[in-house]
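Only one structure is covered here, and it is reproduced in the block below.
Predicted model only: the values in this text are computed from it and were never measured.
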Amino acid sequence: TIQKDNFWKACKENGIVIVITKYPLKIKYEKIQETAQKYDVKIEFYGATGEVLKTSYHIPLDINGEQNPVKSFINCFHANNCVMLKKGRLYPCTVAPNIEHFNKYFGYNLELTEKDGIDIYKAETGEELLEFLSRPMPFCRYCNIKGRTFNHPWKQSKRELSEWVIYE
């Protein structure tokens, strides 16, 4: 559904630019554009937006946590590129703070610790936050960066463990 008036007004008042990635989903992109134009909110589309087949990538998890966290962090394009704020904690990527869903569904306990994120309310400066984000977190030991693969056809998950891990 299209967002309510207060969303669009807040975007306009704060100079927000909405950047959309088109996926093969039943989303009325044209309707979103029309509504944004009505409220004078700038909309952009990320990457190729024609009839190009969307692809995804796969960074498998090492469920034993035996990866070198420093090497994983240094070689990961998510690190500081996909920063996530969740429940008042800032993380250098989106994998760690969302591992709860993997753990619950597949019955694992890939551990997320206090050292994996920083409490934004306890940080004293912006510099402290940036410094935290620039270092590997303990959770990086679960990301098998060297096993990553690209250019997979974009599709919904089959909810199979093989989609998330790689066995060596």
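- Of the possible polar contacts, one joining the D119 side chain to the Y121 backbone as a donor-acceptor pair under 3.5 Å is found.
- E66 CD to N68 CG: the interatomic distance, rounded to the nearest 0.5 Å, is 12.0 Å.
- Ring pair Y91/F139: centre-to-centre distance not below 6.0 Å.
- Linking ILVMFWY residues whenever their side-chain heavy atoms come closer than 4.5 Å, directly or via other members, leaves L61 and I59 in distinct clusters.
- Expressed to the nearest 0.5 Å, how far OH of Y142 lies from CG of D62 amounts to 9.0 Å.
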Next on the checklist: Between Q67 and S72, does the side chain to side chain donor-acceptor pair (under 3.5 Å) criterion hold? Intermediate values first, please.
Outcome noted: CA-CA 7 Å; Q67 302 300 303; S72 289; 5.0 Å; no
Item to check | Derivation and outcome, side-chain contact (heavy atoms from CB on, under 4.5 Å), residues V17 and E44 | outcome: CA-CA 7 Å; V17 176; E44 295 177 0; 3.8 Å; yes
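- Other residues, nucleotides and ligands place more than 12 heavy atoms under 6.0 Å from the CZ atom of F150.
- Residues F73 and C93 have side chains not in contact (no heavy-atom distance under 4.5 Å, counting atoms from C-beta outward).
- Listed for the R89 side chain is a donor-acceptor partner under 3.5 Å among the backbone atoms of G117.
- Nearest approach of I118 to A123, heavy atoms of both residues: CD1-CB, 4.3 Å.
- Here the side chains of I18 and W8 are in contact, with some heavy-atom distance below 4.5 Å.
- In this structure the side chain of E127 never reaches within 4.5 angstrom of the side chain of F132, judged on heavy atoms.
- Listed here is the closest heavy atom pair of S56 and W154: CB-CD1, 4.0 Å.
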Item to check | side-chain contact (heavy atoms from CB on, under 4.5 Å) between K12 and K42, intermediate numbers included | outcome: CA-CA 8 Å; K12 171 64 177 164; K42 187 172 181 180; over 6 Å; no
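- Annotation: the span from L90 atom CG to D116 atom CG amounts to 12.5 Å, rounded to 0.5 Å.
- Here H78 and Y57 bring their ring centres to under 6.0 angstrom of each other.
- Linking ILVMFWY side-chain heavy atoms closer than 4.5 Å, directly or via other members, places V41 and I32 in a single hydrophobic cluster.
- Between the side chain of E128 and the main chain of E124, a donor-acceptor pair closer than 3.5 Å is present.
- No chain of hydrophobic side-chain contacts below 4.5 Å, direct or via other Ile, Leu, Val, Met, Phe, Trp or Tyr residues, connects V70 to M137.
- One hydrophobic cluster, built from ILVMFWY side chains closer than 4.5 Å, holds both Y39 and Y29.
- One distance of note links CH2 of W164 with NE2 of H58; it measures 7.5 Å at 0.5 Å rounding.
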Item to check | side-chain contact (heavy atoms from CB on, under 4.5 Å) assessment of F106 paired with V165 | outcome: CA-CA 11 Å; F106 292 110; V165 301; over 6 Å; no
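- Note on K86 versus E100: salt bridge recorded, some NZ/NE/NH1/NH2 to OD/OE distance being below 4.0 Å.
- With respect to the salt-bridge test (charged N to carboxylate O, under 4.0 angstrom), the residues E131 and R135 qualify.
- Side chain of E163 to main chain of E160: a donor-acceptor pair is present (N/O by atom type, distance under 3.5 Å, no hydrogens or angles).
- From C140, atom SG reaches atom CD1 of I74 across 10.0 Å, with rounding to the nearest 0.5 Å.
- From L110, atom CG reaches atom CD1 of I99 across 5.0 Å, with rounding to the nearest 0.5 Å.
- L112 and I63 end up in the same hydrophobic cluster when Ile, Leu, Val, Met, Phe, Trp and Tyr side chains are linked at under 4.5 Å.
- At a threshold of 4.5 Å between non-hydrogen side-chain atoms, the residues F7 and T35 do not count as touching.
- Ion pairing between E34 and K28 fails under the 4.0 Å rule for side-chain N and carboxylate O.
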